[in-house]
Amino acid sequence: MERSKFFSRSVLCLLIVVLFELACLSPKPCIAVSFSGFTSFTKTVDRFTLAANVPNTLVGVFSKSQTVAALSLLEQDKLEEARETMAQTILTLAVLDIGGGLVLPIVEKIVNYVKTDPGFANTRIAFRNLNEVLKREFGKPGGTNIDQNAIQKAKEAVNNKFKLDIDSFPRLSKVGKAVTKVTKWFKATSVLEILGPLTDTVSIGFNIWGLVTAIRENDPIGIATNTLGIAGGLVGLSTFVAAVVTGSAILGPIGALVGAFLGLVATFVELFFAPRYDKAAVEIYKQRLGELRKVRDACKDRIDQRMEFLELAGSPYSDVYVINQAGCISTVRKFDMEMKDFVTESKTSFYDRTFRAHIIEVWPEAQEEILDDQYLEIGSYNFLGSPLMPSSTDGSLTIEHGMVGFDFYGKFKPGTDYGGVHVFVDSDIVSNPDFELRGIEIDTAMQYGARANSPDIAQNDVISIGDYKNLRKKQDLDTYEDLEERVEIQVKTRFGYDCLNINGMIGKFESEYENKLAANLGDGGNVLSFQGITRDRSDIKGVFFDSKLGVLKYYHGQDRDTHSLGTVRNVGLLNGSPFDDHVILYSANFKVVQIGGSNVYEFNCDDLAVVSSEPRQFQIIDHSTDSPKLNLITTSPEITANDVILQNRKLKVFDTTGQSPKRIFEVLLETASTANLLINNANSRPINLEHINPVLITGERRALNFRVTERSINYPGGEKNDILFLKWRINQERNYDSYHINMQGGIDYVVISDKYLLEPCGIDGESVALILRHGGFKGGSASALIRIDTQPGSFGNGFYVYLWSTEKIINEYGDVLYEIPSTGYFDQINLYDRYIEVTRETLNTGIETNEDLLVH
């Protein structure tokens, strides 16, 4: 069980490390082909898209939100941005699903060797052969048995080639040292003992590398096969095959990630070969706006297109609705978009999911449409009074009387139970500035009928709002006592994991258009996303969101002025814009995902210190190339940088003003670059081991860089707790030296880290050793000695660090490697082995693994 847990951790951590490459894609322009061009490829997709029903968790709702964002970008002819959005989704799903695992120091290095070193050429060929077998077997028609033996033989061939290639490297080469090191991590005596788990780990990394290449080269088959390899490597072969064949979702903490991967394969295919909505037809509709029924029909056509996209993407859905833009114009009457189950007045998904007309008294001219069984209908039946519209023939003015349809049209996916709605609100066809648009009220909760508010009905809704700029102006805004009375766009969801995607501007950047939006997403893990906003917009400069108050604003203009859109409440995850966002984190377990911009994350320490007895936890996944800023706002002058520690990849903030330290909050950080810490907008410093403490200290932090000029360090007197950070110089010229460190009073720490000492120094426990001894030095006054032995067993060859008044040796995660006794002596200790033993336990902690899923 212990090894299975370790393997689970190492595999998932590898996804975080290597998938980060996807953030740097520069894809080539895609050559458009017909929709039928990938029909043969869908055979490969068909077999396993059924396994892509992601569980109703934050992972699932985020995946659905990203799919809708990609659809919005595609409809704006932003293919590269849509493709990048989905590539980033893979990375983010991995991080969200495992809660930000720690990176094992050896995994990435082994994968890089396999990818690039000529000595692993045979292994690379074996991996490609395995992928060909996967593609062949999973591409078989339904009802045909998958040959598990063929897959198993291909995997065994990879094992054999991998072992032969490893054996060809000298033991003291870089590859040989890496292999020696990985056996220590796996608690093995030889590579044979860990060959299976190591091969699977490297296989996933190799397939991720192949996936990156396939995306860059616009190769949908490569995308599919490499994604299959990733998903198949996450769980045992038998479990994976059974899930694909039966179409059942894979259970357990890894299941959501595997299901999402499978669904994303088809999404990538759609990004390359998706049929586009006919933009020319939209222009015709704009020119012939007087024929509102054709506008209505154009909206109806989008239902099938979006259902097809969701189907290909493997995104779970049951009911899809689109707005009838013909009813949005202010001159159209009887407009009501409140999606309630009126039972006798309109057909809905909530009460009776059948395409049959309801029985009501209607105008004779509307009877034909109402009896149309093809669509579900929501809201009122709208009619046009007598507007002056251009004729479709000679351009002259004519008077049009008639009905323009229901507020919303929809369809449900046959064979599905009701599980919430996908609602798409756009105004692109009626974006003529001469027309004001009506307000919208969307309420997806059942409030009428026998099944109203029934807790056994999962309602996982996705609301997507595009540009809706030409909102009508209400008169005498100053007379409204409540901002809610100014609202024009209202969204209410509840009872599930819901998404609100805002893909453009609501209203205009003018004061009379402020606070036009009010959304309440109800209970559950809900997502607010701005990923459908394109990077080439010049009006929107970024998003401001306060998770405590739900306040949402846009930045705009050269001076980044703010414009209040309104409020969005009960958000669990914010997926930011492509621009520079500012987010205030307050709500418990709040998460932020960013793929672009220079972003600021603000924490009010005073607020967070009093919200509960337990510290709140947050997660920030920022893959932008610009370093984000974490700004701590506090009225207490006593909170300093020493009150912030980086422990187990979590940034923890303490209040040390009382009798004992109190943890205020912690942030799980996943960043593409070094983040910066500020306190009250000042004194920016990088968030890394060199500047953030792995434990709380009250005194001074120093670094020993193993330079001749720094052979002696004396800390100031007093009883403060100090910390010493050992950092190896990459260009170290000497292979021996000695250093003397006096840390004075208090409880003092020395930090041993892999990234800054073990790896650059080449310490592997054999060719270069790390030794700790206590007492008996310099007349007995030194408390301990740390020796880096460059020639083990040969005294005098190495570096000696004599320590006075030092109490604890720790790793970079804050774990104690050794507590130095105040008196007595002890024989020398292999400090490298101790580091491996303690750090391994830290890296393995926190992942619950179902061992049945790890059959290797």
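- Inter-residue side-chain proximity for Ile440 and Val425 is flagged as met; some heavy-atom pair is nearer than 4.5 Å.
- Once rounded to the nearest 0.5 Å, the distance linking CD1 of Ile465 with CG of Asp426 reads 10.0 Å.
- The side-chain heavy atoms of Leu517 and Val487, taken from C-beta on, include no pair separated by under 4.5 Å.
- Between Val322 and Cys299, the shortest heavy-atom distance links the atoms CG2-O, 3.2 Å.
- For the atom pair CD of Gln490 and CD of Glu441, the computed distance is 5.0 Å after rounding to the nearest 0.5 Å.
- Side-chain contact check for Asp498 versus Ile463: every heavy-atom pair is 4.5 Å or farther apart.
- Residues Leu437 and Val430 meet the side-chain proximity criterion, which asks for heavy atoms closer than 4.5 Å.
- Two residues are said to be in side-chain contact when any heavy atoms from C-beta on lie closer than 4.5 Å; Ile595 and Gln531 meet this criterion.
- In this structure, Lys64 and Asn460 have side chains that are in contact, with non-hydrogen atoms separated by less than 4.5 Å.
- Shortest non-hydrogen contact noted between Asn575 and Val593 is OD1-O, 3.2 Å.
- Expressed to the nearest 0.5 Å, how far NZ of Lys78 lies from CG of Leu73 amounts to 9.0 Å.
- Every residue meeting the side chain to side chain donor-acceptor pair (under 3.5 Å) condition with Gln594, not counting sequence neighbours, appears here in chain and number order: Asp581.
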*Hey, mind stepping through Arg302 and Asp297 against salt bridge (Lys or Arg N to Asp or Glu O under 4.0 Å) and telling me if it holds?*
CA-CA 9 Å; Arg302 294 185 173 185; Asp297 292 340; over 6 Å; no
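- A distance of 10.0 Å separates CZ in Phe408 from CD1 in Ile303, rounded to the nearest 0.5 Å.
- By the side chain to side chain donor-acceptor pair (under 3.5 Å) test, Asp523 is found to be paired with no residue, residues two or more places apart in sequence or in another chain being considered.
- The two residues Pro578 and Phe530 make their nearest non-hydrogen contact at CD-O, 4.1 Å.
- Lys492 NZ to Leu521 CG: the interatomic distance, rounded to the nearest 0.5 Å, is 12.5 Å.
- In this structure, the side chain of Ser318 engages the main chain of Gly419 through a donor-acceptor pair within 3.5 Å.
- The side chain to side chain donor-acceptor pair (under 3.5 Å) check on Asn526 picks up nothing, with sequence neighbours excluded.
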*Can you check side-chain contact (heavy atoms from CB on, under 4.5 Å) on Asn570 and Asn520, steps first, answer last?*
CA-CA 6 Å; Asn570 295 314; Asn520 190 330; 2.7 Å; yes
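- A cation-pi contact, defined as under 6.0 Å to the ring centre and within 45° of the axis, links Arg306 to Phe424.
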_Could you go through Ile533 and Ile502, starting from their C-alpha distance and side-chain angles, then the distance that decides it, and tell me whether this counts as side-chain contact (heavy atoms from CB on, under 4.5 Å)?_
CA-CA 8 Å; Ile533 297 178; Ile502 301 177; 5.7 Å; no
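- Residues Thr67 and Phe62 fail the side-chain proximity criterion, which asks for heavy atoms closer than 4.5 Å.
- Asn324 contributes a side-chain N or O that, together with a main-chain N or O of Ala326, makes up a donor-acceptor pair within less than 3.5 Å.
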*Apply the test side-chain contact (heavy atoms from CB on, under 4.5 Å) to residues Phe309 and Val320: give CA-CA distance (whole Å), side-chain angles for both, the deciding distance (0.1 Å), then the verdict.*
CA-CA 11 Å; Phe309 180 87; Val320 173; over 6 Å; no
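- Residue Thr444 forms a side-chain hydrogen bond (donor to acceptor under 3.5 Å, both in side chains) with just one option from Thr493, Asp461, Asp319, and that option is Asp461.
- When only modelled atom types and interatomic distance are considered, Tyr468 and Glu488 share no side-chain donor-acceptor pair under 3.5 Å.
- One N or O on the side chain of Gln76 and one on the backbone of Gly532 form a donor-acceptor pair closer than 3.5 Å.
- Counting all heavy atoms, side chain and backbone alike, Phe590 lies closest to Leu573 at CE1-N, 4.4 Å.
- The CG atom of Asp301 sits 11.0 Å away from the CZ atom of Arg296 when rounded to the nearest 0.5 Å.
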*Tell me, with the steps shown, if Ile506 and Leu471 meet side-chain contact (heavy atoms from CB on, under 4.5 Å).*
CA-CA 8 Å; Ile506 297 175; Leu471 271 173; 3.9 Å; yes
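- With a 6.0 Å cutoff to the six-membered ring centre and a 45° limit on the axis angle, Lys411 counts as a cation-pi contact of Tyr375.
- Applying the side chain to side chain donor-acceptor pair (under 3.5 Å) criterion to Arg537, with sequence neighbours excluded, gives Asp467, Asp539.
- With hydrogens and angles disregarded, no donor-acceptor distance shorter than 3.5 Å links the side chain of Glu377 to the backbone of Phe406.
- Partners of Asn501 under the side-chain contact (heavy atoms from CB on, under 4.5 Å) rule, at least two apart in sequence or in another chain, are Ser65, Val68, Ala69, Ser464, Cys499, Asn503, Ser529.
- Listed for the Glu81 side chain is a donor-acceptor partner under 3.5 Å among the backbone atoms of Arg535.
- Residues Val592 and Phe545 fail the side-chain proximity criterion, which asks for heavy atoms closer than 4.5 Å.
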